[in-house]
Amino acid sequence: MSGVRRQIAYPGPERAPDAPREARPDDGLLTVRAAEGDEEAFAVLVREHAPALVGLATRLLGDRTEAEDAVQDAFISAWRRLPEFRRHSSFGTWMYRIVTNRCLNVLRARRPVTSLEAAGEFAAPEYDSPERVTEARDAVRGMRRALDDLSAEQRACWVLRELDGHSYEFIAETVGISQEAVRARVFRARRCLTRALGAWR
């Protein structure tokens, strides 16, 4: 497990869990081997899934270092729990849930302090006018402050729905709440963020 941190800290390009990839190793076989104690098989799983998981954790926590720590802890937990993994879902989906719940625990334990350099989704657009650049940067800061004001569940549901495009069913299973509760949290998050951005329109 000594290579987990290095693989997470320097991942390749982000891609969605379970996305098709040419000559991609079979997760099912790798998971079976890893559950039998094959560290090399688990290292391949880490290498394959770490980029998307670090991206997810960064969007949830707003801080790259914290995200890497959360994903590292999630992989260590997964390694220990592999014998319990019954493959009712894919390894990538399983890890997505573990990382999301670990991030939720972090968010619940503290008021998130979002790094303005963290996730690229909220980068300010480039303008020629210095005034427009300042306005765009202020809007980004406003968005991040609004995200910080959301509850942990609201933030997670909004990120999983609006940024990652997951279904309400997937989010409900991942966060551990009903689909109706997911819809309510996404709605409240949208309303909160819309109000926060209203001043910059």
Side-chain angles (χ1 to χ4, degrees), residues 1-109 112 115 118-121 152-153 155-157 159-177 182:
M1 296 297 293
S2 60
V4 170
R5 178 66 183 179
R6 180 179 57 80
Q7 292 183 56
I8 291 171
Y10 304 100
E14 180 182 343
R15 60 184 182 82
D18 308 316
R21 178 176 176 176
E22 185 178 354
R24 186 180 183 280
D26 178 74
D27 274 6
L29 179 59
L30 289 170
T31 304
V32 170
R33 290 178 177 173
E36 294 172 348
D38 186 338
E39 292 192 12
E40 181 56 36
F42 191 73
V44 174
L45 290 169
V46 172
R47 188 163 57 248
E48 288 291 318
H49 293 281
L53 294 171
V54 170
L56 167 67
T58 301
R59 289 188 289 276
L60 288 170
L61 298 176
D63 181 89
R64 175 75 180 201
T65 300
E66 272 195 312
E68 290 175 358
D69 289 342
V71 173
Q72 179 185 21
D73 290 345
F75 272 118
I76 292 172
S77 175
W79 170 255
R80 293 169 178 164
R81 293 167 54 190
L82 269 175
E84 307 169 15
F85 181 50
R86 295 293 180 262
R87 294 182 290 283
H88 297 305
S89 62
S90 69
F91 179 82
T93 299
W94 187 54
M95 285 303 308
Y96 217 79
R97 290 169 181 160
I98 293 174
V99 169
T100 297
N101 282 287
R102 189 160 293 275
C103 290
L104 278 170
N105 290 336
V106 173
L107 290 171
R108 290 174 183 135
S115 167
E121 288 82 1
E153 289 80 7
R155 180 168 180 151
C157 291
V159 167
L160 291 171
R161 179 65 180 173
E162 300 297 331
L163 299 186
D164 290 7
H166 288 294
S167 68
Y168 289 110
E169 180 181 7
F170 177 91
I171 299 169
E173 292 178 359
T174 299
V175 180
I177 57 178
V182 171

Over all heavy atoms of both residues, which pair between [X] and [Y] is shortest? Give the atoms and the distance, please.
X: A34; Y: L82; value: CB-CD1, 3.5 Å
X: R155; Y: G62; value: NH2-N, 3.7 Å
X: M95; Y: A78; value: SD-CB, 3.4 Å
X: L60; Y: A156; value: CD2-CA, 3.5 Å
X: C157; Y: I177; value: SG-CD1, 4.0 Å
X: A52; Y: R59; value: O-NH2, 4.5 Å

If the plane angle is over 60° it's perpendicular, under 30° parallel, otherwise tilted; pick one for F75 and F42. perpendicular
| message | With a 4.5 Å cut-off on side-chain heavy atoms, are R81 and I98 touching? | response | yes
**Report entry** Heavy-atom side-chain proximity of R102 to V71 below 4.5 angstrom
**Finding:** no
Output, in order, the C-alpha distance, side-chain angles, deciding distance and verdict of side-chain contact (heavy atoms from CB on, under 4.5 Å) for V175 and V182. CA-CA 9 Å; V175 180; V182 171; 5.6 Å; no
Sequence neighbours excluded, the answer for salt bridge (charged side-chain N to carboxylate O under 4.0 Å, His left out) partners of R97 is E173
Gap separating the [atom1] atom of [X] from the [atom2] atom of [Y], nearest 0.5 angstrom:
X: D26; Y: F91; atom1: CG; atom2: CZ; answer: 12.5 Å
X: D38; Y: T31; atom1: CG; atom2: OG1; answer: 11.0 Å
X: L53; Y: Q72; atom1: CG; atom2: CD; answer: 13.5 Å
X: W94; Y: L45; atom1: CH2; atom2: CG; answer: 10.0 Å
X: R80; Y: I76; atom1: CZ; atom2: CD1; answer: 6.0 Å
X: Y96; Y: H49; atom1: OH; atom2: NE2; answer: 12.5 Å

Is D164 reaching over with its side chain to a backbone N or O of H166, donor-acceptor style, under 3.5 angstrom?
no
Quick check: does any side chain N or O of S77 sit under 3.5 Å from a backbone N or O of D73, one acting as donor and the other as acceptor?
-> no
Taken in chain and number order and not counting sequence neighbours, the residues that satisfy side chain to side chain contact (heavy atoms under 4.5 Å, CB included) with E36 are V32
Before giving the answer on side-chain contact (heavy atoms from CB on, under 4.5 Å), spell out for W79 and V46 the whole-Å C-alpha distance, their side-chain angles and the decisive distance to 0.1 Å.
CA-CA 10 Å; W79 170 255; V46 172; over 6 Å; no
Evaluate the side-chain contact (heavy atoms from CB on, under 4.5 Å) criterion for residues T65 and D69: first the C-alpha distance (whole Å), next the side-chain angles of each, then the deciding distance (0.1 Å), finally the verdict. CA-CA 6 Å; T65 300; D69 289 342; 4.2 Å; yes
Across all chains, not counting sequence neighbours, the ring-ring contact (aromatic ring centres under 6.0 Å, His included) partners of Y168 are none
Test side-chain contact (heavy atoms from CB on, under 4.5 Å) applied to L56 and L160, step by step: CA-CA 8 Å; L56 167 67; L160 291 171; 3.8 Å; yes
